[in-house]
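Chain A is the first sequence line, chain B the second, and so forth, proteins listed ahead of strands; every chain is numbered from 1.
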Amino acid sequence: MRADQTIIREWIKPSTRVLDLGCGDGKFLRHLIDHKQVRGYGLENNHDNITACVLNHVNVIEKDIDQGLASIKDNSFDSVIMTQALQVMHRPDLIVDEMLRIGKECIVTFPNFGHWRARGYLGFRGQMPVSKFLAYSWYDTPNIHFCTFKDFEQLCVQKNIRILNRTVVDNEHQHRWWTKLWPNMLGEIAIYRITR
Amino acid sequence: MSDNIPNTPTSKQYPYDSVGLVEPQAIEFNEPLALACGRTLDQYTLMIETYGELNADKSNAILICHALSGHHHLAGYHEGDTKPGWWDSAIGPGKPIDTNKFFVVGLNNLGGCHGSSGPNQADPLTGKPYGPDFPLMTVKDWVTSQARLADHLGIWQWAAIIGGSLGGMQALQWSITYPDRLRHCMVIAAAAKLSAQNIAFNEVARQAISKDPHFYNGRYYDYDAVPKTGLMLARMVGHITYLSDDGMREKFGREMSAGKLMFDFNPQFEVESYLQYQGERFSTSFDANTYLLMTKALDYFDPASEFNHDLSLALKHVTAKFMLIAFTTDWRFAPERSREILDALMDAGKDVSYTEIDSPQGHDAFLIPIPRYMEIFHAYMGRIATDIPALAQENTHAR
C-alpha cells in the first residue's frame with residue numbers, strides 16, 4: 001500500500017460509507033472493506049482498472065469524474081477520497097465542491113508543485129519538472145492542473161473549506177521531521193482532510 | 001438433471017467449448033397462477049433447457065431470462081441443428097457462464113411460442129390454440145412462474161439471475177420480488193421502464209401485425225393463415241432499433257446490389273435487402289400473438305410504479321449484488337437507462353458495479369462476444385463463483 005494510503009486509512013472511521021474517486025485497481029477500497037468494514041464504491045474510467053476492481057470484488061462504477069457527480073445525492077457518503085487525481089481534473093475547484101457536496105468529509109492527496117526539486121527544475125534548468133514521481137513531459141502529461149501546498153490552502157480559504165488535517169510526505173511517502181518545518185518547500189505529496 | 005452429454009460420439013463434431021447436444025424438457029405445473037391482469041392460469045407448461053451439473057446443496061444454479069424473441073434454447077445444439085442456441089457465445093465450458101462451475105437454466109416464458117404455454121399452444125379446456133385469449137403477461141408474472149420453476153428444481157437461491165434487454169428486466173424484478181432468492185443480479189442493456197419512444201416503436205410493430213389482413217383478430221390459426229407481412233414489418237422496425245446509425249453505416253453504407261440506381265421500388269440498397277431478409281426469416285419462425293404479448297409486457301414494466309415511482313424505494317429490500325452493463329451505441333436502452341438503475345441502487349446503498357462497453361453494434365451488442373464485454377463478464381462470473389457457499393469454503397483456504 002502507498003504511504004499516503006496508510007495515512008488516509010487512519011482517517012477512515014469503521015463501518016462508514018466511502019466513495020473512492022479514481023479508485024485504480026480497487027485494492028485500497030478492498031483493504032478498507034476488509035479492515036474497516038466500510039461500504040463503498042470506486043469510480044474509475046480505465047477499463048483495465050475496472051476489470052481489476054471486479055476481480056478484487058469491489059463495487060466499481062465506470063465514470064468520467066470530469067463530467068461531474070450530479071447523479072449522486074448530497075451528503076450520501078461519510079468520506080469521499082481522491083488520491084493523486086486532483087491534478088488531472090479539468091476543473092479541480094469544481095470537483096472539490098462536488099466532493100464536499102456528496103461527502104461529509106473529503107480526503108485529497110496531490111503532488112506538491114512547490115517542492116524544492118520542482119522549483120529547482122524550473123528555476124535553474126528553466127524546464128518543466130520531470131521526475132520519477134512526475135514522469136511525463138509537458139506535452140503528454142495527464143497532469144494539467146498542478147498546484148502547491150499554498151495554492152490549495154488559498155483555495156480552501158476562498159471557498160470557506162475547513163481543513164481538518166494536513167500532512168505531507170516525501171518521495172518515499174515517508175513523514176520526515178523537516179517536511180513539517182517547511183511543507184511547501186520540502187513536502188512532495190500533500191494530504192488533506194477537509195469539510196465544509 | 002443435465003442435458004449436457006459431453007462424451008457421446010456425436011459431441012465430437014461440436015466445438016470444444018460447446019455444451020454439445022442438448023434436449024429441452026417440458027415441465028407441467030398444476031398449481032393455479034394468479035396473474036396481474038386479474039385472470040388465472042390453472043395449469044401451464046414451461047419449456048426449459050439446462051446445462052452443467054447442479055451441485056449437492058443446489059447453490060450453483062444460474063437462471064438466464066430471455067428477451068423479446070428468445071427462448072429456452074440458450075446454448076449447444078439440438079439434434080440435426082447447425083446453429084447453436086441464442087447465447088452460445090457466453091455459455092459453455094470455459095466461457096463466461098462456465099458450465100463446469102454452474103448449473104444453467106433457460107426457459108421459454110409463458111406467452112412465448114417455443115413450447116411453453118402461450119397463444120400458439122392448445123388451451124387444455126378447448127383443445128384449440130389460445131390465440132388472443134391467452135392472458136397478457138407482465139414481467140412480474142413471469143418472475144412468479146420462474147420462482148415456481150426454481151421450486152420444482154429444488155433451487156432455493158440462485159447463484160445469479162442474468163438477462164439482457166427484457167431479460168434484464170426480469171432479473172431486476174426478481175431482486176425486488178424475491179430479494180433473498182438470488183445472490184447476484186446481472187442486468188445487461190436494460191432499463192427500469194420503457195420511454196415514450198420505446199413504447200412508440202412497439203406500437204408501430206403491433207399495428208403492423210394487427211392490421212395485417214391475415215391476422216383475423218389473432219385467430220389466424222383457425223384460418224390456417226399467418227400474418228406474415230405484419231410480423232415482417234414489426235421485425236424490420238424492431239431490427240432498426242437494435243442497430244446503431246454508426247453500425248448500419250459501417251455494415252451497409254449506401255451499397256447497392258445492382259451497383260446503380262434502378263428507378264423502381266424493389267429493394268436495391270443492401271440495408272433494404274438485409275431488413276427484408278431478417279423480417280422474412282422471423283415471420284416464418286415466430287408467432288404474431290406472442291410478439292404482441294411480449295411488447296406489451298415490455299411497455300407495462302415499471303417496478304417503481306408500485307413504490308410511489310421511487311426506484312430506490314423499490315430496491316430498498318434488495319440483497320443481491322448487481323452488475324450492470326450497457327453499450328455505448330445502444331439507443332433502444334441507452335447507457336443512461338442503465339445509469340438510472342445504478343443511481344437508484346447507489347442511493348439505496350446496494351452493492352453494484354457498472355460498466356459501459358464501447359461497441360458499434362447498438363442494442364444487439366449484448367448478444368455479441370465483444371472482447372472487453374466477455375472479459376468483464378468472465379471477471380464478474382468469477383465473483384459469482386466465489387460466492388457459491390461450497391466453493392467459498394475452498395477459496396478461503398486458498399487465500
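Put simply, of B:Lys321, B:Met346, B:His378, B:Glu375, the one with the most heavy-atom pairs under 4.5 Å next to chain A is B:Met346. With chain A as partner, the option from B:Arg339, B:Arg372, B:Glu340, B:Met323 having the largest number of non-hydrogen pairs under 4.5 angstrom is B:Arg372.
Within the 4.5 angstrom heavy-atom criterion, atoms from both the backbone and the side chain of A:Ser71 approach chain B. Within the 4.5 angstrom heavy-atom criterion, only backbone atoms of B:Leu345 (N, CA, C, O) approach chain A. When heavy atoms are compared at a cutoff of 4.5 Å, B:Asp351 approaches chain A by way of both its backbone and its side chain.
Between the side chains of B:Arg332 and B:Ser165, not a single donor N or O lies within less than 3.5 Å of an accepting N or O. Between the side chains of B:Thr241 and B:His363, not a single donor N or O lies within less than 3.5 Å of an accepting N or O.
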Take B:Asp88 and B:Lys95 through the salt bridge (Lys or Arg N to Asp or Glu O under 4.0 Å) test and state the conclusion after the steps. CA-CA 9 Å; B:Asp88 194 79; B:Lys95 289 180 185 171; 3.1 Å; yes

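Of residues 37-53 of chain A, those residues lying under 4.5 Å from chain B by any heavy-atom pair are A:Arg39, A:Tyr41, A:His47, A:Ile50, A:Thr51.
Under the 6.0 Å distance and 45° angle rule, A:Arg17 counts as a cation-pi partner of A:Phe77.
Under the 3.5 Å distance criterion, the side-chain polar atoms of A:Thr109 are matched with a main-chain donor or acceptor of A:Gln84.
Proximity of the aromatic rings of A:Phe149 and A:Tyr192 is defined here by a centroid distance below 6.0 angstrom, and this criterion is met. No close placement of the B:Trp87 and B:Tyr51 rings is indicated, their centers lying 6.0 Å or farther apart.
With sequence neighbours excluded, the residues forming a salt bridge (charged side-chain N to carboxylate O under 4.0 Å, His left out) with A:Lys159 are A:Asp97, listed by chain and number.
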